Number of protein chains: 2
Amino acid sequence: MTDMASATTPAAPALGLRERKKIRTRQGIRHAAYRLFERQGYDATTVEQIAAAAEVSPSTFFRYFPTKEDVVLTDEYDPLMEAALLERPADEPIVDSLRQAVVPLARQMAAGEHDEMLQRMRLVREVPAIRARMGENMSVSCGLLVDVLARRTGRPADDLGLRIVVGALLGGWQETMMHWVENDGTEDLGALLERTLDILADGLGRHAL
Amino acid sequence: MTDMASATTPAAPALGLRERKKIRTRQGIRHAAYRLFERQGYDATTVEQIAAAAEVSPSTFFRYFPTKEDVVLTDEYDPLMEAALLERPADEPIVDSLRQAVVPLARQMAAGEHDEMLQRMRLVREVPAIRARMGENMSVSCGLLVDVLARRTGRPADDLGLRIVVGALLGGWQETMMHWVENDGTEDLGALLERTLDILADGLGRHAL
DNA sequence: GTCTTATATGACAGTCACTCTCAAAAAATA
DNA sequence: TATTTTTTGAGAGTGACTGTCATATAAGAC
């Protein structure tokens with residue numbers, strides 16, 4: 001989890017001791033952090049405490065995570081999303097591609113890593129610093145998506161229409177995610193995201209708005 | 001500017017010496033900061049330098065701006081937007097209300113404070129810390145807008161459809177703003193925002209996407 | 001297995017944003 | 001003018017992050 005399909009699945013036997021150790025350290029730090037966050041809250045937990053709990057030095061902590069926020073927000077989804085999108089036929093409407101490529105991805109994650117995802121999104125919702133960082137991530141994802149879609153459809157990389165569409169979509173999805181957390185992840189995330197896509201595809205004018 | 005219509009317009013004769021001094025101090029700090037940012041960049045400028053340039057103590061700096069980022073990002077627009085929206089007829093479609101209420105506001109600002117707005121948005125674009133903070137602001141604005149619109153249309157305050165629409169709209173607008181800065185503010189911001197509204201209103205399915 | 005090289009780690013010192021407390025200065029009020 | 005309230009500056013402290021250097025440990029050559 002979180003580190004893609006790595007130590008959890010035995011699908012990577014070709015990794016040297018070094019790599020395996022690194023992955024274990026990384027997960028150790030993250031788990032220690034999550035445990036402390038849950039007990040004392042994010043702000044009240046210092047990097048020093050996390051490092052001590054994970055039995056590494058503070059220096060090592062920062063070697064694995066550039067900032068404290070990154071423990072929560074390291075985004076492993078972008079490359080997966082990109083790959084999934086590139087597999088769609090080039091002439092498919094963008095909205096359909098997103099529906100076919102991105103939604104299943106989210107669905108799969110909401111299933112496989114449900115609890116971790118929930119805890120993570122809860123922090124996003126509640127801790128201002130993390131929420132802010134999340135916005136940054138979104139704008140990076142946005143740029144990435146725009147690039148992929150522009151390449152695929154032969155548009156210029158700075159096509160305003162495309163940027164607007166992607167920005168709007170991510171904006172809508174973020175609200176959807178927040179709604180999902182607020183209901184403690186009880187709803188079907190995939191269905192929610194699809195509904196969001198429907199609304200945006202049909203136009204805000206419809207849907208009695 | 002920036003501090004609404006305060007010291008710039010002589011429309012506030014009823015302010016005591018205390019208030020006037022506070023406004024002057026605030027603007028002094030901001031101007032000193034902008035000058036330094038332009039010369040040395042945001043990150044390379046310390047709060048201590050800003051305070052010195054503005055001839056106040058660092059303590060005073062933090063009394064006026066809770067964080068260094070707030071010098072750039074203090075958002076005075078939300079209340080104006082709220083007021084403008086509340087003046088629209090309650091049965092008007094949301095998209096139309098936004099078009100009538102918010103766009104003129106932006107237009108007016110892009111005209112009156114063009115250079116300051118440009119400088120500010122440039123920082124938003126280029127400095128990660130500020131961009132992140134901006135995302136926070138957006139999510140606050142989003143909540144605010146949703147509240148107003150929910151009240152106006154009699155929907156529940158946590159109506160998912162409404163949240164999605166507003167989130168998407170702000171997401172789209174943010175991209176539009178970025179496009180505007182990238183072109184050095186030469187385009188008509190109002191027109192750009194309206195176009196964004198058109199795209200979202202008609203639905204992403206149209207517009208050949 | 002040993003030697004060499006590349007990499008990971010920890011200790012430490014330093015910077016900077018931000019917080020808190022307290023006493024002095026200045027404006028508002030009586 | 002005297003009193004009260006607000007604003008300010010000084011100073012100490014915290015915690016996230018950076019950079020450097022010596023040590024330890026895994027990888028690769030032999």
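Being a predicted model, the structure only gives us computed values, none of them experimental.
The 5' end of DNA chain C is approached more closely, in terms of each residue's nearest nucleotide, by Thr67(B) than by the other of Glu19(B) and Thr67(B). Heavy-atom distances to DNA chain D give each of Val47(A) and Thr25(B) a nearest nucleotide, and the one nearer the 5′ end belongs to Thr25(B).
Computed from coordinates, the Asp70(A) CG to dA16(D) P distance equals 14 Å when rounded to whole Å. Note: CZ (Phe61(B)) to P (dA17(C)) measures 8 Å, nearest angstrom.
Contact check for Glu175(B) versus Val166(A): no side-chain heavy atoms found under the 4.5 Å cut-off.
In this structure a side-chain-to-backbone donor-acceptor pair under 3.5 Å is missing from Asn183(B) to Trp180(B).
Close to dT8(D), at under 4.0 Å from its OP1 or OP2, lies a side-chain N or O of Tyr64(B). Within the structure, a side-chain polar atom (N or O) of Lys22(B) is placed less than 4.0 Å from OP1 or OP2 of dT7(D). In this model, the phosphate group of dC18(C) is not approached by any side-chain N or O of Lys68(B) to a distance below 4.0 Å at OP1 or OP2.
Distance from the side chain of Ser57(A) is smallest for dA11(C) among the nucleotides dA11(C), dT25(D), dG9(D). For Thr46(B), taking side-chain heavy atoms from C-beta onward, the closest of the listed nucleotides dA17(C), dG10(C), dA26(D) is dA17(C). Candidate nucleotides dA26(C), dG15(D), dT20(D) were compared by shortest atom distance to the side chain of Arg63(A), and dT20(D) ranks first. Checking dA27(C), dA17(C), dC17(D) against the side-chain heavy atoms of Phe62(A) singles out dC17(D) as nearest. For Arg18(A), the side-chain atoms get nearest to dT7(C) when compared with the rest of dT7(C), dC18(C), dT9(C).
Of the charged side-chain nitrogens involved, none lies within less than 4.0 Å of a carboxylate oxygen, so that Glu38(A) and Arg122(A) do not count as a salt-bridged pair. For Glu69(B) and Arg131(B), the salt-bridge test fails: no basic side-chain N is under 4.0 Å from an acidic carboxylate O.
In this structure, Ser59(B) reaches the bases: a heavy-atom distance under 4.0 Å links it to at least one base atom across the strands shown.
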